[in-house]
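Structure first, commentary second.
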2 protein chains.
Amino acid sequence: MTNRPPRPRGRGIPDATVARLPVYLRALQALQDRETPTVSSEALAAAAGVNSAKLRKDLSHLGSYGTRGVGYEVEYLVYQISRELGLTQDWSVAIAGIGNLGRALADYGGFGSRGFRIAALLDADPAVVGRTVAAVEVGHIDRLEEIVRSAGVSIGVIATPAASAQDVALRFVEAGVTSILNFAPVVLSVPEGVDVRKVDLSIELQILAFHAQRRADGDGRRPVGGTGLEPV
Amino acid sequence: MTNRPPRPRGRGIPDATVARLPVYLRALQALQDRETPTVSSEALAAAAGVNSAKLRKDLSHLGSYGTRGVGYEVEYLVYQISRELGLTQDWSVAIAGIGNLGRALADYGGFGSRGFRIAALLDADPAVVGRTVAAVEVGHIDRLEEIVRSAGVSIGVIATPAASAQDVALRFVEAGVTSILNFAPVVLSVPEGVDVRKVDLSIELQILAFHAQRRADGDGRRPVGGTGLEPV
DNA sequence: CCCACTTTGTGCGTGCTTTCACAAGCGCGT
DNA sequence: ACGCGCTTGTGAAAGCACGCACAAAGTGGG
């Protein structure tokens, strides 16, 4: 599969698009498993749960990889998206906090898709340090910098209790990590240039609760413009 | 025919705002613990990691709960946001899939904030069914409908392997659940009216990888303003 | 009572996202 | 070779979201 990156303009893929590419990729890999050679934007959009025009526009940011009248070649598109997302290279991941969550993350088979390798596990609990999880020995968090540096970690995952998260984050940064995935329910502050994404169970639940309540309210809703001053 | 209602938007809070309210709430509760009586939009915004104008606009969707020249009364605002999010009532949650992840979710102390109660745990593995996790006995997934209905579950959490997720989702819906939080790496399809949110480790990692690659590629990484290399 | 100072609430410009709608392009059957 | 049917790629419009900047509204000192 020889290809030259056709330089799709000023290399500016919108964030919203980037967030969807992994979803497309997963759907495409499922098609690949079923040995489907090509797929239309309509079909792929359905599998990914998005509007087909949006999918076409998203893909158009990568270049013109479709064939009119036919669709997209699955294999080729998988490769292009993988390359764009940086999955053709290996990323070393360290997980701090080997509780239930950390273990669940470590055991996450195949670690999403290929491209991510667990290079280090870290915890503060002496009962956990030294044990082997997912074929990796858990190191003590005191040695974070040393371990992270020698393993060449580029992505840090924080699965510690909230109280330790900020500290661990800064130590990751200190050790040269510039991408952090945070599962602890705190707002991390990190230096400019460090990329943090968060995953937060309780926020998601609260958003669900909001919408559920709204549905339950039905049409019994009062005007907001009136006297919105009910005492507690 | 009666006049068409001028639009059922009694209080149309933007989705982006709803997604941030839990963050504000958490920051406010931290202030509450330190017995801070009032807080300015500037200070609260800093704690929540957002722009202060955005915070004020977000809060303005709930009503005028601030005092000019002073700020917001912490206690009062906590109450108002809680009420808006529906946290003043209790939500019963069922978790399907009691592996490491499911256990981590079940053990999540206080379950975010008050308002969420684990009403049922479900698994298919006979080695897990019958055991007690987080003070709740794990039931067999075959009895999902019965258990969910009798416990009055309104939010279903899917922490099963990807292969079972779609099936479990439909059975949740069948049992009357209209809010689903999905941790399995699949796109769920559910009937109209059912609210699904997803949390996906591998998507987050891939997004991080994309940005990391972009930083590494550019080498001369340019700040927001640009370096004049880009054509206009 | 008035003035200096603080902080909220919001009008407005800007840029990003989504969606529609359709011309351009491609393959196939005739 | 030609036209028909299908599908992509994209201009244009509509809708959101963000953040600046400022008037309005409140506090406290003199």
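The model shown is predicted, which means the values in this text are computed figures rather than measured ones. Labels below follow one simple rule: chain letters A, B, ... track the order of the sequence lines, proteins then strands, and each chain is numbered from 1.
- No donor-acceptor contact under 3.5 Å links the side chain of A/Lys57 to the base of C/dT17.
- In this structure, NZ of A/Lys54 is placed 20 Å from C1' of D/dT7, rounded to the nearest angstrom.
- We find that CG of B/Leu55 is positioned 14 Å from P of C/dT10, with the value rounded to whole Å.
- Using a 4.0 Å cut-off between a side-chain N of Lys or Arg and a carboxylate O of Asp or Glu, B/Asp195 and A/Arg214 do not qualify as a salt bridge.
- At whole-Å resolution of the value, CG in A/Leu62 and P in D/dT10 are 12 Å apart.
- In this entry the distance linking NE2 of A/His61 with P of D/dG9 reads 12 Å, nearest Å.
- Considering only side-chain N and O atoms, B/Arg20 lies under 4.0 angstrom from the phosphate OP1 or OP2 of D/dC18.
- Considering A/Ile180, A/Val196, A/Leu188 in turn, A/Ile180 is the only one that fulfils the side chain to side chain contact (heavy atoms under 4.5 Å, CB included) rule with A/Val173.
- In terms of position on DNA chain C, the residue among A/Thr17 and B/Ser40 whose nearest nucleotide sits closer to the 5' end is B/Ser40.
- Note on A/Ser41: a side-chain N or O is less than 4.0 Å away from OP1 or OP2 of D/dT8.
- The side chain of A/Tyr72 contributes no N or O atom lying less than 4.0 Å from OP1 or OP2 of C/dC26.
- In this entry the distance linking OH of A/Tyr65 with P of C/dC26 reads 16 Å, nearest Å.
- Remark: the backbone N or O of A/Gly86 is paired with a side-chain donor or acceptor of A/Trp91 at under 3.5 angstrom.
- Of the side-chain N and O atoms in A/Asn51, one or more sit less than 4.0 angstrom from OP1 or OP2 of C/dC20.
- Distance alone, capped at 3.5 Å, is enough to place a donor-acceptor pair between the A/Gln213 side chain and the B/Glu84 backbone.
- One atom, CG of B/Asp15, and another, C1' of D/dC16, lie 10 Å apart when rounded to the nearest Å.
- Counting only heavy atoms from C-beta on, B/Ser64 has its side chain closest to C/dG9 among C/dG27, C/dC20, C/dG9.
- In this structure, the CG atom of B/Leu59 is 16 Å from the C1' atom of D/dG19, given to the nearest Å.
- Atom CD of A/Glu73 and atom P of C/dG27 are 12 Å apart (whole Å).
- Within the 4.0 angstrom heavy-atom criterion, base atoms lie near B/Ala53.
- Within 3.5 Å, no donor on the side chain of B/Arg68 pairs with an acceptor on the base of C/dT7, nor the reverse.
- Considering only the side chain of A/Thr67, C/dG27 comes nearest among D/dA17, C/dG9, C/dG27.
- In this structure, A/Ser82 contributes its side chain and A/Val78 its backbone to a donor-acceptor pair below 3.5 Å.
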